[in-house]
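Whatever order the structure lists ligands and atoms in, that order sets their numbers, starting from 1.
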Amino acid sequence: MEASRRPEAQVDILYSAAEIAARVAVLADEIALSLGPEPTVVAILKGSFVFTADLLRALHHHGAHPQVEFLTLASYGAGTESRGQIEILRDITDDIVGRDVLLVDDILESGRTLAFARDHLRGRGARKVRLCVLLHKPGKLKTNVVADFVGFETPDLFVVGYGLDYAHYYRELPYIGVIRAAR
Ligand code: IMP
Ligand code: MG
């Protein structure tokens with residue numbers, strides 16, 4: 001059998017699946033009130049795929065009819081924080097000229113990822129780009145990005161699960177946890 005590359009670590013639950021679900025429902029209320037009925041939801045991959053899937057289904061309960069696009073980005077450097085240079089690995093595929101866009105990401109930290117994505121979508125002709133993040137780590141902003149919708153203000157800890165990874169693992173966890181490296 002192939003040796004596991006998964007970093008051995010203990011994960012302490014920060015937000016349970018139930019807490020996340022409750023928060024996503026409230027976020028969907030806010031989003032549905034302030035966006036038109038047919039927004040284009042753009043999920044930044046890979047980190048936001050679980051959050052976006054739940055958010056879309058919550059939006060359905062408000063009668064929204066969103067279109068969905070995916071934007072795959074990478075930031076240089078293999079560390080736990082984006083390093084400034086962002087690269088498009090896979091662009092959206094549909095025309096967004098004149099559309100109201102809800103841009104969704106997992107975490108807002110320096111804001112470099114979201115600033116890049118927002119500017120890119122504006123460049124592709126979006127009428128309005130609103131920003132939604134599951135987690136916001138305050139005090140780390142290095143750009144002028146302001147999230148319109150935030151799931152949780154979260155402590156400055158490295159978190160995993162619900163789409164978020166550590167060394168490409170742990171995305172499948174149904175909760176968000178704090179990683180504790182094995183001693
Ligand atoms: P920013 O570009 O500095 O705002 O960083 C946001 C990106 O860094 C997110 O989209 C995540 O991919 C990554 N990131 C930042 N903090 C964490 C974390 O605690 N766990 C997993 N990924 C993180
Ligand atoms: Mg990410």
Check your understanding: Do ligand 1 and Phe158 have nitrogen or oxygen atoms that lie under 3.5 Å from each other?
Key -> no

Review point. Do Arg180 and Asp12 sit within salt-bridge range, that is, some charged N less than 4.0 Å from a carboxylate O?
Key: yes

**Study point:** Nearest candidate to atom 20 (N) of ligand 1, where distance is taken over non-hydrogen atoms, out of Leu134, Ile107, Val159, Leu164
**Key:** Val159

Point to revise | Gly47 near ligand 1 by a heavy-atom separation under 4.0 Å | key: no

Check your understanding: Would Val133 and Phe51 count as a side-chain contact (heavy atoms from CB on, under 4.5 Å) if you check the C-alpha gap in whole Å, the side-chain angles of each, and the deciding distance to 0.1 Å?
Key -> CA-CA 9 Å; Val133 293; Phe51 175 42; 5.8 Å; no

Exercise for review: Using non-hydrogen atoms of the residue, decide whether Lys140 is closer than 4.0 angstrom to ligand 1.
Suggested key: no

Practice item. Answer with side chain, backbone, both or neither: which part of Thr113 has a heavy atom less than 4.0 angstrom from an atom of ligand 1? Key: both

Exercise for review: Please report the C-alpha distance between Tyr175 and Tyr162 in whole Å, then the side-chain angles of each, then the deciding distance to 0.1 Å, and finally whether the ring-ring contact (aromatic ring centres under 6.0 Å, His included) criterion is met.
Suggested key: CA-CA 6 Å; Tyr175 49 84; Tyr162 199 67; over 10 Å; no

Review point. Which of the atoms in ligand 1, numbered in the order shown and given with their element, are less than 4.0 Å from a heavy-atom of Ser110?
Key: 1 (P), 2 (O), 3 (O), 4 (O)

Practice item. Without swapping roles, check the side chain of Glu30 against the backbone of Leu27 for a donor-acceptor pair under 3.5 Å. Key: no

Study note, to complete from the structure: ligand 1 atoms nearer than 4.0 angstrom to some heavy atom of Leu157 are 19 (O)

Review point. Is Arg124 paired with Asp91 through a side-chain N to carboxylate O contact shorter than 4.0 Å?
Key: yes

Review point. Contact between Asp165 and ligand 1, counting heavy atoms under 4.0 Å?
Key: yes

Practice item. List every atom of ligand 1 that sits less than 4.0 Å from any heavy atom of Asp105, numbering the atoms from 1 in the order shown and giving each element. Key: 10 (O)

Check your understanding: Just one of Glu38, Lys128, Glu69, Arg127 clears the side-chain contact (heavy atoms from CB on, under 4.5 Å) bar with Arg99, so which one?
Key -> Glu38

Check your understanding: Just how far is it from atom CD1 of Ile107 to atom NZ of Lys140, taken to the nearest 0.5 Å?
Key -> 9.5 Å

